[in-house]
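Encoded as structure tokens, the structure appears first; notes follow it.
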Amino acid sequence: MKPWYITTAIDYANGDPHLGHALEKIGADVIARWHRLQGEPVRFLMGMDEHGQKVFQTAQAAGMSPQDWVDGISERFETTWRGLHCSYDDWMRTTEPRHAAGVQALLTRIRERCPDDLFVGEYEGLYCVGCEEFKQEGQLLNGRCGEHPSRELVPTKERNTFFRLSAYRDRVLALVEANSAFQVEPQIRRNEILSVLREGLQDISISRARLPWGIPFPDSDEQTVYVWFDALINYLSATGYPGDGWDAVWPADLHVVGKGITRFHCIIWPAMLIAADVPLPKQIWAHGYVQWGGAKVSKSEGESASLDESAARHGPDALRWFLMREVGFENDGDFTFERFDAVYESELANGLGNLASRVLAMVGKYRDGVVPAGGEGDLPGGVGAVALASYAAAMTATDLKGAARQITELVTEANGYITTAAPWALAKAGDDAQLDAVLANLTATLVRLAVMIYPFMPEKATALWVALGQADTPVTGWGQAKRPDVVGAQVVKPENLFPRLAP
RNA sequence: GGCAGGGUAGCUCAGCUGGUUAGAGCACAGCACUCAUAAUGCUGGGGUCGCGGGUUCGAGUCCCGCCCCUGCUACCA
């Protein structure tokens with residue numbers, strides 16, 4: 001069975017991971033875990049983009065070889081993502097031989113199938129000798145390089161191989177407009193891509209003459225592959241392309257990327273694949289950005305440090321929750337410690353954590369920790385089943401914020417039910433049947449919540465799952481969410497799932 | 001400049017094809033309860049719905065103008 005194949009963008013190995021990177025990896029992980037909950041086999045790819053001029057220069061500046069440099073960066077990223085519970089099962093680095101093989105194979109195939117679409121041409125641009133790279137219009141400050149304002153930019157020509165991107169415009173445009181086989185989401189991003197496509201496309205140069213740190217261009221001694229014709233292909237090379245079995249994984253079901261690189265994924269990438277006659281990915285999801293106290297998150301020192309600090313503050317699961325629940329995975333959102341603390345305390349500590357405490361404490365106190373039979377397995381009015389359905393619909397639509405909201409709303413419903421039902425009063429009155437029913441309904445709701453929070457907070461979900469006496473079954477059972485069944489289970493009141501902040 | 005989206009309670013946002021006193025969460029105040037992480041529940045205060053015109057019996061919701069914010073406007077990723 002073909003796995004459900006999801007990828008994240010590969011990050012440029014030029015600095016440390018920061019909150020902006022984390023939002024994307026965590027969002028993709030939530031989606032991957034959601035699909036695993038459904039019982040689908042999932043293939044989840046993450047990785048690093050390790051070629052290019054800047055990496056080369058940064059390594060040089062650090063007095064290291066480029067390979068040593070990217071080795072260090074790659075390890076740092078992996079450590080970070082594992083620490084944030086990202087459950088990727090392949091880590092692709094563009095400096096790996098398997099990747100270079102895929103890149104060269106795809107280029108060779110494009111040349112074979114469409115010989116006219118790879119042609120030698122002249123790239124002309126303004127070259128900065130200080131940076132040793134071409135500068136674009138938008139990068140100029142007063143007509144000069146921002147980094148080397150004292151130097152003149154030199155108009156320079158370079159013989160490169162070009163890809164006839166313009167020839168693919170109509171086909172890509174039709175695909176994006178049809179929005180079925182190849183979907184660009186959310187709609188805002190699709191509209192942007194459509195407008196770019198309608199304006200028309202220019203051919204792009206895809207080889208570089210002066211860049212030693214890259215994949216050798218097929219049949220060329222001196223040129224390397226342009227970074228996007230390198231980086232994008234990682235999604236494909238990770239399947240083993242062109243070796244046996246690659247098409248048992250490809251095409252990707254979802255590429256998760258940042259809004260800033262949608263054009264590469266939604267225009268160049270499909271054109272490349274069409275040229276090579278390789279199936280297209282089914283969907284591109286372009287998320288927004290994390291703002292840091294209202295400002296853009298960049299790669300500067302202070303903000304990269306903030307990721308570690310944020311994860312340490314209330315633990316990685318709480319950071320995952322905040323990024324999905326408050327920042328969101330569609331539009332830009334803001335991150336501040338004030339807001340993080342407030343959401344942590346109200347939704348997690350006082351909300352979900354306290355709900356688990358009070359329910360499990362009552363089962364312990366009134367029923368010796370054994371979940372009684374009785375009740376309907378839901379809150380009155382079936383609100384749990386409704387919340388679950390809304391949650392599933394939101395997840396399916398990649399509305400991660402909306403799915404998280406269903407969790408908090410169910411917690412609120414459960415807390416309200418406790419006040420109304422007043423189990424302590426039932427105990428005092430000796431109304432055993434009714435007390436059994438109330439406790440059973442509440443425990444069932446906790447089971448449901450454990451499954452619902454699993455994609456967002458896998459570690460906390462497991463802790464709650466164990467507290468519910470389910471240690472020998474995996475939490476990844478959607479069936480338990482639909483029809484919770486833990487009658488007779490021996491529960492324990494857990495250590496506080498989400499300890500309150502020190503006063 | 002062009003294209004797109006947005007400006008609604010202190011904060012983050014819902015408000016579909018116009019219709020009773022504009023909603024939610026957080027924060028704030030009061031009350032209730034005791035199973036619980038001094039947690040929870042209930043009630044309440046709080047908004048010229050960016051500005052100015054217009055259409056209409058009636059506009060946050062439609063039209064015109066203006067102000068402000070954000071994104072995109074391609075070979076840096």
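By convention in this document, chain letters (A, B, ...) are assigned in the order of the sequence lines, proteins followed by strands, and residues within each chain are numbered from 1. Computed from a predicted structure; not experimentally measured.
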Note to self: Can you confirm whether the side chains of A:Glu347 and A:Trp321 place a donor and an acceptor under 3.5 Å from each other?
What the structure shows: yes
Checklist line | Euclidean distance, atom CG of residue A:Leu442 to atom P of B:A36 [Å, nearest integer] | finding: 14 Å
Next item on the list: Using the C1' atoms only, state how far B:A14 lies from B:C63, rounded to an integer number of Å.
Entry: 25 Å
Next item on the list: Rounded off to whole Å, could you give me the CG-to-C1' distance for the A:Asp117 and B:C75 pair?
Entry: 17 Å
Margin query: In whole Å, I'd like the distance from the NE2 atom of A:His51 to the P atom of B:C75.
Written below: 22 Å
Notebook entry, point to check: When all nucleic acid strands are considered with a 4.0 Å heavy-atom cut-off, which category describes A:Gly200: base, sugar-phosphate, or nothing?
Noted result: base
Next item on the list: Classify the nucleic acid contact of A:Gln202 as base, sugar-phosphate or nothing, counting any heavy atom under 4.0 Å across all strands shown.
Entry: base
Check: Taking the C1' atom of each, how far is B:G50 from B:C16, in whole Å?
Finding: 23 Å
Item checked: Inter-nucleotide C1' distance (B:U12, B:G6), Å rounded -> 15 Å
Next item on the list: Could you state the atom-to-atom distance from CE of A:Met362 to C1' of B:U37 in whole Å?
Entry: 14 Å
Notebook entry, point to check: In which stems does RNA chain B show up, taking only runs of three or more Watson-Crick or G-U wobble pairs whose two distances fall under 3.5 Å?
Noted result: B:1-7 with B:67-73, B:10-13 with B:23-26, B:28-32 with B:40-44, B:50-54 with B:62-66
Check: Is there any side chain to side chain donor-acceptor pair (under 3.5 Å) pair reaching into residues 398-410 of chain A, and which pairs are they, with sequence neighbours excluded?
Finding: none
Checklist line | Whole-Å gap separating P (B:A77) and OH (A:Tyr12) | finding: 6 Å
Notebook entry, point to check: With A:Asn234, which residues qualify under side chain to side chain donor-acceptor pair (under 3.5 Å), at least two apart?
Noted result: none
Next item on the list: Return the 5'-most residue of the pair A:Ala361, A:Gly52 with respect to RNA chain B, ranking by each residue's nearest nucleotide.
Entry: A:Ala361
Checklist line | Nucleic acid contacts - residues 256-274 of chain A versus RNA chain B, non-hydrogen atoms under 4.0 Å | finding: A:Lys259, A:Gly260, A:Arg263, A:Phe264
Checklist line | Touch class at under 4.0 angstrom, heavy-atom based, for A:Phe498 against every strand present | finding: base
Next item on the list: With A:Lys460 as the cation and A:Phe498 as the aromatic partner, state whether NZ or CZ is under 6.0 Å from the six-membered ring centre and within 45° of the axis.
Entry: yes
Check: Cation over ring, A:Arg159 on A:Tyr123, under 6.0 Å and within 45°?
Finding: no
Please produce a list of atom pairs where a protein N or O lies less than 3.5 Å from an N or O of nucleotides 4-14 of chain B.
none

Check: When all nucleic acid strands are considered with a 4.0 Å heavy-atom cut-off, which category describes A:Ser357: base, sugar-phosphate, or nothing?
Finding: base
Notebook entry, point to check: How would you list all residue pairs meeting side chain to side chain donor-acceptor pair (under 3.5 Å) that involve residues 256-271 of chain A, not counting sequence neighbours?
Noted result: A:Tyr235-A:His265, A:His255-A:Trp269, A:Lys259-A:Asp332
What's touching nucleotides 40-47 of chain B from the protein side, N or O pairs under 3.5 Å?
residue: B:U40; atom: O2'; partner: A:Arg358; partner atom: NH1; Å: 3.1
residue: B:G41; atom: O4'; partner: A:Thr419; partner atom: OG1; Å: 3.1

Can you give each donor-acceptor pair under 3.5 Å made by side-chain atoms of residues 418-431 of chain A, sequence neighbours left out, with the distance rounded to 0.1 Å?
residue: A:Thr419; atom: OG1; partner: A:Asn415; partner atom: O; Å: 3.4
residue: A:Thr420; atom: OG1; partner: A:Gly416; partner atom: O; Å: 3.0
residue: A:Asp431; atom: OD1; partner: A:Gln434; partner atom: N; Å: 3.3

Note to self: Can you identify which nucleotide, out of B:C72, B:C75, B:C76, has its nearest atom closest to the A:Tyr226 side chain?
What the structure shows: B:C75
Next item on the list: Could you tell me the separation between the CD atom of A:Glu199 and the P atom of B:G2, rounded to a whole number of Å?
Entry: 13 Å
Check: Roughly how far apart, to the nearest Å, are B:U55 and B:U8 at atom P?
Finding: 27 Å
Check: Does a donor on one side chain sit under 3.5 Å from an acceptor on the other, for A:Asp16 and A:His21?
Finding: no
Notebook entry, point to check: Using atom P of each nucleotide, how far apart are B:G53 and B:C42 to the nearest Å?
Noted result: 43 Å
Note to self: Could you tell me how far B:U70 sits from B:U56 if I compare only their C1' atoms? Round to whole Å.
What the structure shows: 34 Å
Item checked: ring pair (Phe, Tyr, Trp, His ring centres under 6.0 Å) against A:Phe162, all qualifying residues, sequence neighbours excluded -> A:Phe119
Checklist line | Those residues that, when tested against A:Lys25, pass side chain to side chain donor-acceptor pair (under 3.5 Å) (two or more places apart) | finding: A:Asp11
Check: Does A:Trp424 have a side-chain nitrogen or oxygen under 4.0 Å from the phosphate oxygens OP1 or OP2 of B:C33?
Finding: no
Item checked: Any residue meeting ring pair (Phe, Tyr, Trp, His ring centres under 6.0 Å) with A:Tyr168, in chain and number order, not counting sequence neighbours -> A:Phe163
Next item on the list: Return each pair, listed once, that meets salt bridge (Lys or Arg N to Asp or Glu O under 4.0 Å) where at least one residue sits in residues 438-450 of chain A; pairs must be two or more places apart or across chains.
Entry: A:Asp378-A:Arg448
Check: Taking the same atom, C1', in B:G45 and in B:C31, what whole-Å distance lies between them?
Finding: 15 Å
Check: Can any side-chain N or O of A:Ser207 pair as donor or acceptor with the backbone N or O of A:Thr161 at less than 3.5 Å?
Finding: yes
Checklist line | Residue whose closest nucleotide on RNA chain B lies nearer the 5' end, A:Pro499 versus A:Arg189 | finding: A:Pro499
Note to self: Under a 3.5 Å threshold, yes or no: a donor from one side chain and an acceptor from the other, between A:His314 and A:Asp341?
What the structure shows: yes
Margin query: Strictly distance-based, threshold 3.5 Å: is any side-chain N or O of A:Glu24 a donor or acceptor partner for the main-chain N or O of A:Gly258?
Written below: yes
Check: When the distance from CD of A:Glu409 to P of B:C26 is rounded to whole Å, what number comes out?
Finding: 11 Å
Checklist line | For atom CZ of A:Arg164 and atom P of B:A74, their distance in whole Å | finding: 21 Å
